[in-house]
Each structure stands twice: as C-alpha cells, then as structure tokens.
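Below, all heavy atoms of this structure are taken into account, side chains as well, without hydrogens, waters or symmetry copies. Every chain is numbered from 1, with letters handed out A, B, ... down the list of sequences.
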There are 2 protein chains.
Amino acid sequence: MLVSALAAASGVPVPTIKYYLREGLLPPGRATGATRAEYGEEHVRRLRLVRALAEVGGLPIARVKDVLACLDGATPLTTALGAAHDALAGSPAPEAPANGAAAAEALVADAGWRVEAGCTSLAQLGAALAALAGAGFPVDPVALRRYVRAADEVAREEVDAIPGGDTADAVEFVVLGTVLHEPVLLALRRLAQQHHSVHRFGAPPGTC
Amino acid sequence: MLVSALAAASGVPVPTIKYYLREGLLPPGRATGATRAEYGEEHVRRLRLVRALAEVGGLPIARVKDVLACLDGATPLTTALGAAHDALAGSPAPEAPANGAAAAEALVADAGWRVEAGCTSLAQLGAALAALAGAGFPVDPVALRRYVRAADEVAREEVDAIPGGDTADAVEFVVLGTVLHEPVLLALRRLAQQHHSVHRFGAPPGTC
DNA sequence: AATGCTGGGCAGTACCACTATCCAATCATC
DNA sequence: GATGATTGGATAGTGGTACTGCCCAGCATT
C-alpha cells in the first residue's frame, strides 16, 4: 500500500499523513526504494486511532503522540494509565493554589483512594476546585461526595473490565477507554441533565 | 475602579481586559470622561467567571461569550441549559454518521430519557460512539449502560439541587454547574481509576 | 507646566494543525 | 527507451485563536 492508497483507506488526506509522519505519530512505511514506501493495515489502524484521539478525545497532536508512546512501549499498566492521564490533563496546572490542592487531597482521603501524591489528576482537581471557589461558585460538598461516589463506581467497574491476559492489550484497553470514553460520559451527563430538567421545569417553546 | 485597579483585583492583565471588552465578554465600564471609565465589583466577578469558563471549562472565547449571553438574557432555564450544552459541545459534529446517531438514540430511549430529537448533545454522543466503533474500539454495551446509570444519578441529583426561587439564579447555577463541574468529574474518574488500578495491578516504581 | 496613566484602536506575535509547493528520483506505460 | 504520473522528503505558507504591543491624544495629579 502506497501513501495514496493509505490515504484512501483511512480517509486522511496525503499531506496530513506526511505531517503525522513528520511528527512521529505514524511510523514510517517500509521503504522499497528511494521514492517508494509500503504501508500496511497497521498504519490504517494507527491513523484511525490518531484521529479518534484527536477528534473524539480532543487531544492536541503532541499529547496524542505521548499516548501512542505508552501504547507502543512495553510500559506497565499503571504507568501507561498515568501517562494517559497526563496527556488528558493538558495544562500542567502551573500554579497549584494551596487551598485547592488541600481540598483535593482531603477529598481523595475522604474517598479512601490511594493515589500518587503529586500526580497530574490531583493537581487538575485542585486547580478546578480552586478556580471554582475563586470564581464564586464553590462546589457543594454534598454534590462533591456524590461525584466521588459516581466516579468510584464507574472507575471500579472499568478497572474490573480490564482483560487480565496480555499486558499490551490491557494497556491499550485502559488507555483508550480512559481517553475515548470521556466525551461519551460527558454527553450522557448532559442528556440526563436535559431529561431531568425538562421533567422538573418543563420544555420551552422550540429549543433543545 | 479604573482598568489598572480592575486588573489588579482580578489578576487579569490590562491588555487582556481590553481584549475581552472588544470581544464583548465584559460590559464596558461607566464612562466618567473621555479617557476614564469606572468599573465595579460586577466586572471583577465577570472577569473571574470568564477565566473560569475558559481555563477550567476549556471553552474557546467565542463559546464563553455564548454562555455569558445565556446568563445575561432572561432565558427560561431549559433554553439556557441547551445553550450551555451547545457551547460545551464545541465541534457541531458536521457529519452525523448514521450508525452512531442510531446507537445514541437507542441508548437514550433505553434509558427512558426524553430529550430534544436533534440536539447537540445527542449528536455529540452519536459522533463519539461512531468514532469509537470506527477506530476499532466499540464501547461495551454493558459498560455503556453503567455509564447511563451513573450519568442519570449524577444529573438527577444535580437538577434536584437547583434552587427553585429566582430564575436567573437557577440559570446561573445550572449553567455554571454543567460547565465547570466537568473537569471535576473527569479528574475524579481518573483518580478513581488510578486507585482501583493500583489496587488491582500494583504500583510501578516511581511514576504517577 | 510636567508627568503619568487612560481608553481606544489597530497591528503584531506565538502557537497549532494542517496545507501547498517544489524537487529529484523512480515506477508504470507506451 | 521516452514519457508522464507519483512518491518521499523538505520547506514554506495558511487560517484560526488568544492574546500582546504600540501609539495616540486626553485628562488627572503634582
């Protein structure tokens, strides 16, 4: 399969494929001459994955590369999961507002979760809580505890569902599940909000 | 309060405040002369809100403007919620892949939710499901139903928590809750995943 | 009067994700 | 073997977003 065929098979335009090759998101094809390279089915799969991570997951290209690196390397599962979380986080939360971090740690401790002390997700949570408080909309502690419970249930079942056999498969399963299910979860929450809000307040004339 | 004072009070640099004024994210101050304008506490609040929506919620400036428009206008609650959802959606899911849309509708019907037929969240869900299937990682229907249950519980409690009195307050509560709690929910899911995954697979040497 | 900050406007910057153009080398075809 | 299309590789350009800089005349303060 040549580039044009790869482009046709994946739906990604040739210049974009070249761009991904340059950026290291796609391994180069097997060179069969100075101006010819052969691509395989794995390149099609990889391209689809790149597009899913970028479009569904909303990850910037550099983060997609990080996630792919986890899948390719023979990383232990928990490391790969951490890397995926870091990739998802995006902004590294440069300033960690002390009150937010403290609130996040208290919440995690209250939930009984054992997590890495300085990890990105924790910083992210701290930053979000601090920003909410700073904007004048502190999260109701009761709501927060409900969120914790819901997150715990969802995550426990997700982790239970990880296949036990091959490590590489498990890594792929958990990393992609983490990244790609986020928009599904958010969309479902919004739809449920819509349903319950219509149920309680009634629907307005014409809008969604 | 003059711009520099507003900048000091909000932590937003003066040129950025000017930019927000140009873009209509911030109402102009009360002009007290040709080269002087007075800003109040509401401008500080608004600025903090803009930053929260942009940084915590990750919304592009144009979407922040849409969300703010809902808060300012005396829109009925369900309309405002829909607008907030649309603002969150971002990409309007240009091509609606038929199988994804069908899956989304089936899921919603199965959940017993009554939602607007063509609404953005539904399209978003359909696009996400289609992209996942296209990338070779279809969501496990059982997992999906668990997600639905979790989303339903969270949303029901969120809607129950909406204050009943003033409409404007309720709109603000629900719109900001929807937008700004997303990162909290996602961070909590990631932390819970980390906890359960460490619990099941053990922690690797040094990484988060 | 001198200094310094103000609002307003417009141009410029930095980054991101592509997209376009060019090139010599080659492959397939005539 | 000539010919035209295509390829990989490289470099430059595009469009969008979110600011950031700079300049200006006009006031306010000293």
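- For the residue pair Tyr39(A) / Arg46(A), no side-chain donor-acceptor distance below 3.5 Å is found, with atom types taken as modelled.
- As a whole-Å value, the separation of Leu26(B) CG from dC19(D) P is 13 Å.
- With dC10(C), dA18(D), dA17(C) as the candidates, the nucleotide lying closest to the side chain of Arg22(B) is dC10(C).
- Residue Leu53(A) contributes atom CG, which lies 16 Å from atom C1' of dA17(C) at whole-angstrom precision.
- Rounded to an integer number of Å, the gap from CZ of Arg51(B) to P of dA18(D) is 11 Å.
- For the residue pair Glu158(A)/Tyr147(B), the side-chain donor-acceptor check at 3.5 Å is satisfied.
- Atom C1' of nucleotide dA17(C) and atom CD1 of Ile17(A) are separated by 15 Å, given to the nearest angstrom.
- Of the listed nucleotides (dT19(C), dT6(C), dT20(D)), dT19(C) has the atom at the smallest distance from the side chain of Pro15(A).
- No side-chain donor-acceptor contact under 3.5 Å links Ser121(B) and Gln194(A).
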request  = Determine, for nucleotides 22-30 of chain C in 5'-to-3' order, which nucleotides have protein heavy atoms under 4.0 Å from the base (write B), from only the sugar-phosphate (write S), or from neither (write -).
outcome  = ---BSS---
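- Atom CD of Glu23(A) is separated from atom P of dA17(C) by 9 Å (rounded to the nearest Å).
- At a threshold of 4.5 Å between non-hydrogen side-chain atoms, the residues Leu71(A) and Leu49(A) count as touching.
- Checking the phosphate oxygens (OP1, OP2) of dA18(D), no side-chain nitrogen or oxygen of Tyr20(B) falls inside 4.0 Å.
- Under 3.5 Å, the side chain of Arg63(B) and the base of dT17(D) form no donor-acceptor pair of N or O atoms.
- To the nearest 0.5 Å, atoms CZ (Arg190(A)) and OG1 (Thr120(B)) are separated by 9.0 Å.
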Donor-acceptor list for residues 136-143 of chain A side chains, cut-off 3.5 Å, not counting sequence neighbours:
{"from": "Asp140(A)", "atom 1": "OD1", "to": "Val142(A)", "atom 2": "N", "distance (Å)": "3.3"}

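- Here the P atom of nucleotide dT6(C) and the CD atom of Glu38(B) are 12 Å apart, to the nearest Å.
- Considering only side-chain N and O atoms, Thr16(A) lies nowhere under 4.0 angstrom from the phosphate OP1 or OP2 of dA17(C).
- In this structure, the side chains of His85(A) and Cys119(A) stay at 4.5 Å or more apart for every pair of heavy atoms.
- Nearest-nucleotide mapping onto DNA chain D: of Tyr19(B) and Pro28(A), the residue sitting toward the 5' end is Pro28(A).
- The CG-C1' distance, from Leu21(A) to dA10(D), rounds to 13 Å in whole Å.
- Residue Leu2(B) contributes atom CG, which lies 13 Å from atom C1' of dG4(C) at whole-angstrom precision.
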